[in-house]
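Okay, so here's the structure we're looking at.
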Amino acid sequence: MNDFPFWVQLLIAVLLVIGGAFSLIGAIGMTRFPDFFMRLHAPTKATTLGVGSVLVASMAASWAQGLVGVHELLVALFLFITAPVSANLMAKAALHLRLPSKAPPPVDLPRD
């Protein structure tokens with residue numbers, strides 16, 4: 001394996017740290033948020049960004065070796081399409097089942 005230039009190593013390291021941080025934040029949100037709707041928000045936003053950063057780091061490593069990162073592009077494409085759709089479907093199912101939420105109502109919501 002060829003040694004990467006310093007700027008490529010730095011880019012890969014920064015992207016991996018960012019990806020790990022977002023994934024950690026998403027995992028902490030999954031355990032700390034009190035109800036389903038709040039827990040649904042954590043993995044769809046934070047973890048998607050975390051996995052996306054790791055995939056970009058993998059693509060940078062591939063490009064530095066002179067390879068094309070097609071696999072990473074496909075994984076990112078499927079991830080960014082399926083994560084919001086699956087979260088939307090789970091939220092709709094929870095609303096259909098009238099799952100209670102612990103979130104306070106919005107302040108601009110008219111009162112009955």
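Quick note: numbers below take in every heavy atom, side chains included, and nothing from hydrogens, waters or symmetry partners.
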CG-CZ distance between L95 and F36, expressed to the nearest 0.5 angstrom: 9.0 Å
Under a single-linkage definition using a 4.5 Å side-chain heavy-atom cutoff for Ile, Leu, Val, Met, Phe, Trp and Tyr, are V68 and F78 assigned to the same hydrophobic cluster? yes
In short, L67 meets W63 closest at the heavy-atom pair O-CD1, 3.1 Å
Would a single hydrophobic cluster contain both V70 and V75, if residues Ile, Leu, Val, Met, Phe, Trp and Tyr are joined by side-chain heavy-atom contacts under 4.5 Å? no
Over all atoms of both residues, closest heavy-atom pair of L79 and T48: CD2-O, 4.0 Å
Minimum heavy-atom separation for G50 and S23, please, with both atom names. CA-OG, 3.7 Å
Is the backbone N or O of L55 less than 3.5 Å from a side-chain atom of E72, with the two atoms forming a donor-acceptor pair by type? no
4.5 Å side-chain heavy-atom contact, L16 and V54: yes
From D35 atom CG to S101 atom OG, the distance as rounded to the nearest 0.5 Å: 4.0 Å
Mind checking the OG-CD1 spacing from S86 to I81? Nearest 0.5 Å is all I need. 12.0 Å
Distance in Å, I12 CD1 paired with W7 CH2, rounded so as to fall on 0.5 Å steps: 9.0 Å
Pairwise distance CD1(I25) to CE(M30) - rounded to 0.5 angstrom: 15.0 Å
About how many Å separate CG of L40 and CG of N88, when rounded to the nearest 0.5 Å? 9.0 Å
Identify the two heavy atoms, one from Q9 and one from F4, that lie closest to each other, and give their separation to 0.1 Å. NE2-O, 2.9 Å
So if you build clusters from Ile, Leu, Val, Met, Phe, Trp, Tyr with side-chain heavy-atom gaps below 4.5 Å, do V51 and F80 land together? yes
Does K102 reach the side chain of F37, with side-chain heavy atoms less than 4.5 Å apart? no
Say whether V14 and F22 are linked into one hydrophobic cluster, either directly or through other cluster members, by side-chain heavy-atom distances under 4.5 angstrom. yes
